[in-house]
Amino acid sequence: MKITETSERRVASPEMNLSAMHAPGYQVIDKLQERISQNRYAFNFLTCREREVLRLVADGHTDRMVAETLVISPRTVNRHLSNIFSKLDVPGRTAAVALALRQELF
């Protein structure tokens, strides 16, 4: 594979194959697929209660509504959500719900 540097841009020689030109894109896709499979695996570590909390949050319930439904305190709901975010490696409830829906958790 030959690449000629010019003052304005890099020019690929005709013998440079298509897969070499797209290698960086393939690496990004591979990393995304790896992360998706890790997240899918992470759902296995959610407790039954954490799954219940996540399902209720996905249904649009507030922390207080989840607490009333599950007969637990809002602080316990908040703790469950923190554990979920940590286990799924997501920043918040929207990302957790989106990930759960993409992975067809429910």
Side-chain angles (χ1 to χ4, degrees):
M1 163 179 18
K2 292 182 183 179
I3 297 179
T4 307
E5 295 281 342
T6 67
S7 62
E8 296 176 13
R9 62 186 172 148
R10 295 172 62 171
V11 180
S13 66
E15 60 266 1
M16 183 177 201
N17 64 23
L18 186 62
S19 64
M21 290 172 47
H22 294 288
Y26 293 140
Q27 290 171 354
V28 169
I29 291 170
D30 289 343
K31 287 185 183 195
L32 286 172
Q33 288 175 336
E34 180 180 327
R35 179 152 173 120
I36 288 169
S37 75
Q38 287 172 349
N39 286 333
R40 199 174 283 151
Y41 182 69
F43 280 115
N44 295 334
F45 292 104
L46 294 181
T47 65
C48 291
R49 184 60 95 177
E50 289 167 347
R51 288 173 183 257
E52 288 176 310
V53 169
L54 186 56
R55 185 181 317 275
L56 290 170
V57 168
D59 288 340
H61 290 68
T62 63
D63 289 3
R64 179 173 286 154
M65 293 166 64
V66 172
E68 290 172 3
T69 302
L70 299 177
V71 192
I72 57 178
S73 75
R75 185 172 176 155
T76 303
V77 171
N78 191 276
R79 186 66 189 151
H80 284 309
L81 287 171
S82 293
N83 291 339
I84 291 166
F85 303 155
S86 177
K87 289 178 181 181
L88 299 181
D89 191 27
V90 294
R93 65 195 308 133
T94 303
V97 169
L99 182 61
L101 292 173
R102 277 196 309 268
Q103 298 298 324
E104 299 177 355
L105 182 64
F106 35 77

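Worth saying up front: this structure is predicted, and the values here are computed from it rather than measured. Keep in mind that the numbers below use all heavy atoms, side chains included, and drop hydrogens, waters and symmetry copies.
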Counting C-beta onward and ignoring hydrogens, is there a side-chain heavy-atom pair between His80 and Val66 closer than 4.5 Å?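 No, side chains not in contact.
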Pairing residues for [X] by the salt bridge (Lys or Arg N to Asp or Glu O under 4.0 Å) criterion, not counting sequence neighbours:
X	result
Arg93	Asp63
Arg49	Glu52
Glu68	none

Looking at Leu56, is its backbone amide N or carbonyl O close enough to the side chain of His61 to form a donor-acceptor pair, meaning the two atoms are under 3.5 Å apart?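 Here the side-chain-to-backbone pair exists.
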**Request:** Any chance you could measure Leu99, atom CG, to Thr94, atom OG1, to the nearest 0.5 Å?
**Result:**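 It is 12.5 Å, given to the nearest 0.5 Å.
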To the nearest 0.5 Å, atom OG1 of Thr47 lies from atom CG of Asn83 at 7.5 Å
Minimum heavy-atom distance between Ser73 and Ala67, given as atom pair plus value:
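Result for this residue pair: C-CB, 3.7 Å.
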Given the rule that I, L, V, M, F, W and Y join up when any side-chain heavy atoms are under 4.5 Å apart, are Val77 and Met65 in one cluster? no
The single option from Val57, Val97, Leu46 that satisfies side chain to side chain contact (heavy atoms under 4.5 Å, CB included) with Ile84 is Leu46
